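Beneath this line is the structure, given in C-alpha cells, with notes to follow.
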Amino acid sequence: MEVLTEGVELSHADLALLGELAKGVTVDRVGRRLDISGRTVRRRLRGICDRIGVATAIEAVAWAARRHLI
C-alpha cells in the first residue's frame with residue numbers, strides 16, 4: 001500500500017526505513033532490521049530523497065516527520 005503526500009508516493013517500507021533512521025539507527029543496522037543490505041538501504045534512501053525532492057537522509061526524515069508520517 002502506498003501513502004500519497006503532496007503528489008509523492010511512499011510505501012510503508014519507505015516510511016519504516018525513514019522511521020528507523022529517525023530513531024538514530026545506523027544505515028547498516030536498518031538493513032539488518034529490515035533484512036536487506038546496507039547498500040540496498042542507501043539505494044532506497046536515495047530514491048526516497050529523489051522522489052520528495054531533498055538532498056540528504058536527514059532532510060528526508062525531517063520531511064516525513066513534519067507531515068506526521070513517522
Side-chain angles (χ1 to χ4, degrees):
M1 183 172 179
E2 302 289 320
V3 175
L4 185 62
T5 302
E6 298 173 13
V8 177
E9 287 187 25
L10 294 177
S11 68
H12 289 291
D14 293 337
L15 295 176
L17 189 151
L18 291 174
E20 289 295 314
L21 291 174
K23 295 175 191 173
V25 178
T26 66
V27 169
D28 290 328
R29 186 160 289 178
V30 169
R32 284 193 296 269
R33 287 184 180 182
L34 299 178
D35 199 31
I36 56 178
S37 72
R39 185 175 181 170
T40 299
V41 171
R42 287 179 190 86
R43 184 180 48 79
R44 285 181 45 195
L45 188 54
R46 179 75 259 143
I48 293 167
C49 289
D50 290 345
R51 277 184 274 152
I52 64 176
V54 299
T56 67
I58 294 170
E59 290 174 314
V61 168
W63 183 92
R66 274 189 245 114
R67 287 155 182 82
H68 305 284
L69 300 173
I70 56 173

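Since the structure is predicted, the reported quantities are computational estimates derived from the model, not experimental observations. Atom set for the values below is all heavy atoms of this structure, side chains included, hydrogens, waters and symmetry mates excluded.
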Tell me whether Arg46 at atom CZ has more than 12 heavy atoms from other residues, nucleotides or ligands lying less than 6.0 Å away. yes
Regarding Glu9 and Arg51, does a basic nitrogen lie under 4.0 Å from an acidic carboxylate oxygen? no
Closer than 3.5 angstrom, by distance alone: can the side chain of Glu20 be matched with the main-chain N or O of Leu17 as a donor-acceptor pair?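 Side chain of Glu20 to backbone of Leu17: no pair is present.
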Taking side chain as C-beta onward, heavy atoms only, is [X] less than 4.5 Å from [Y]?
X     : Y     : answer
Asp14 : Leu45 : no
Arg42 : Asp28 : yes
Leu34 : Thr40 : no
Trp63 : Leu69 : yes

CG of Leu10 to CZ of Arg67, rounded to nearest 0.5 Å, is 10.0 Å
Point-to-point distance, once rounded to the nearest 0.5 Å, from CZ of Arg44 to OG of Ser11: 6.0 Å
So which atom in Val54 and which in Ala60 form the shortest heavy-atom distance, rounded to 0.1 Å?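 Closest approach of Val54 to Ala60, heavy atoms only: CG2-N, 3.7 Å.
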Residue pair Ile70 / Ala22: nearest heavy atoms and the distance that separates them: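 The answer is CD1-CB, 3.8 Å.
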Please test Thr26 against Leu21 for side-chain contact (heavy atoms from CB on, under 4.5 Å), starting from the C-alpha separation and ending with a verdict. CA-CA 7 Å; Thr26 66; Leu21 291 174; over 6 Å; no
